[in-house]
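As the structure is a computational prediction, the values presented were derived from the model and not from experiment. Naming: A, B, ... by sequence-line order, numbering from 1 per chain. These values consider heavy atoms only, across backbone and side chains, with no hydrogens, waters or symmetry-generated copies.
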2 protein chains.
Amino acid sequence: MASAKIQIFEQFAELARVLGHAHRLELIEYVSQGERSVERLAQLTGLSVANASQHLQQLRRGGFVQSRRDGKRVLYRLADGPILSLLSALRSYAERNRAEVGKIVSDYFHRLDELEPISRKELARRLKAGTAVVLDVRPEDEFALGHVPGALNIPMDKLKRRLAELPKDREIVAYCRGAYCVLSFEAVALLRKQGFLVRRLEDGLPEWKAAGHAMETSPPGQP
Amino acid sequence: MASAKIQIFEQFAELARVLGHAHRLELIEYVSQGERSVERLAQLTGLSVANASQHLQQLRRGGFVQSRRDGKRVLYRLADGPILSLLSALRSYAERNRAEVGKIVSDYFHRLDELEPISRKELARRLKAGTAVVLDVRPEDEFALGHVPGALNIPMDKLKRRLAELPKDREIVAYCRGAYCVLSFEAVALLRKQGFLVRRLEDGLPEWKAAGHAMETSPPGQP
DNA sequence: GAATCATTCAATCAATAAATTGAATGATGA
DNA sequence: TCATCATTCAATTTATTGATTGAATGATTC
């Protein structure tokens, strides 16, 4: 029988391998927005349903997601536990030790947003003081599943046509799915060009939620 | 061309895959004790030299270890950066979400040591106050490469014959390679049976070092 | 510079993982 | 109960990864 230490390492390695596939990481990102059916997740990631199902089952075996049946569909959601902090450790390791990651980040993301993002803590402070204008640029269905309290929802593809809904005299805080979600970067770039004062929230909604901040699942902050 | 987000996920996945093999995790554990030649690491892990070399190269590509040539041998060492915190995120995730890990830990480790380990902070405090008696149970060569200042080195296999060197009236703090290194657990079990007051240090030497605590590389704390 | 030693490389075979296909399961609603 | 739909399972093909072997490289010592 293998030693206890080797057994432990085998377990760790098994978990690391589950994270060792881009499709699964992408699935985790979508699942961490809220519950989703297999079909929806397959659509979002561009995978076949059977393939998505198999990847989701691997994630479930690894304890990263949970599932429940609702009628004829099976809904997957992020499991409890320190999953996002594991992923954020992986992220900060990658950003520091892999030149490619840094390059992609600066080429595609920071080029669109040279300003520092605002921290979750700062946003929480502003929310408490009632001075925050928060913009959620994710699609309506994701917004409905949960968002920062009082946030205004204008999906990225409709932003250009709905600029009138945003104030010009106060700083807007935009966010979307996560640290590498392009939507909020694009939103910031577009709004700045239009003369708005706007900054991104560091990370995205899952991290906001995981940090224990308040959430709202009711309909959008629109009349 | 794949989207920036997918490229990022590919990078993350690649890193996770490097951690996705028990042999590589074991190699990291040994390498994090100090510089080691390929041959030595192969011995320690029971791998063939060629195989160990290949795993080490994967770890190097992933940025987890670095190497330098010294005469005819190549020495590998742990790279800088948040590697241990990534591994500790993996560890705490595994302990929480995987029943098997919890079971192995309690079966093989905690059975030997039902007392809470002492924290690094507490040990640092005692060292400063000069009230600590620290016991390093790793082999001499690992001890020579670096240890907690003032620590006494009695390798596990010689502990039984050298009990006389330890005080009976003060609490001894034992440590070894890492959180799952059996040596310190066995040391604690043995010493308790002999009537010594003894507790383990949480984690092991690499974590102590990574947390920025003082190290000593000079010869053992023995005459 | 020839011999020796440690490591790496290259080629091979075995094992494992991923994607695809089509059939099976389990729930719903006519 | 039968038809339908979402998901999973099972079987297959393809791709990737791991281990082994023996040769090649690079550095040392005689």
**Report entry** Any B:Arg73 side-chain N or O less than 4.0 Å from OP1/OP2 of D:dG26
**Finding:** no

Within the 4.0 Å heavy-atom criterion, would you say B:Arg40 contacts the bases, only the backbone, or no part of the nucleic acid?
nothing

Here the distance between atom P of C:dT21 and atom CD of A:Gln54, to the nearest Å, is 13 Å

Rounded to whole Å, the CD-P distance (A:Gln58 to C:dA17) equals 8 Å

Report yes if a side-chain nitrogen or oxygen of A:Ser53 is closer than 4.0 Å to either non-bridging phosphate oxygen (OP1 or OP2) of D:dT8; otherwise report no. yes

B:Leu75 atom CG is separated from C:dA6 atom C1', nearest whole Å, by 11 Å

Look at the rings of A:His23 and A:His21 and say which category their plane angle falls in: under 30° parallel, 30 to 60° tilted, over 60° perpendicular. tilted

Subject >> Lys/Arg-Asp/Glu bridge criterion (N-O < 4.0 Å) met for A:Arg36, A:Glu142 >> reply: yes

Sorted by position of nearest nucleotide on DNA chain C, 5' first, the leading residue of A:Arg24 and B:Val38 is B:Val38

Problem - Lys/Arg-Asp/Glu bridge criterion (N-O < 4.0 Å) met for B:Glu140, B:Lys158 - result: yes

> Under 4.0 Å between a side-chain N or O of A:His55 and OP1 or OP2 of C:dA17?
Replying inline: no

**Distance below 4.0 Å between B:Tyr76 side-chain N/O and C:dA6 OP1 or OP2** = no

Quick check on C:dA6: is either OP1 or OP2 less than 4.0 Å from any side-chain nitrogen or oxygen of B:Arg69?
no

inquiry  = Side chains of A:Arg138 and A:Gln33: any donor to acceptor distance under 3.5 Å?
reply    = yes

* Please determine, by modelled atom types, if B:Arg60 and B:Ser67 share a side-chain donor-acceptor pair under 3.5 angstrom. => yes

Nearest-nucleotide check on DNA chain D, A:Ala50 vs A:Lys72; residue mapping nearer the 5' end is A:Lys72

Classify the nucleic acid contact of A:Gln57 as base, sugar-phosphate or nothing, counting any heavy atom under 4.0 Å across all strands shown.
sugar-phosphate

Among the nucleotides C:dA19, D:dG18, D:dT7, whichever has the atom closest to the side chain of B:His21 is D:dG18

B:Arg60 atom CZ is separated from C:dT7 atom C1', nearest whole Å, by 10 Å

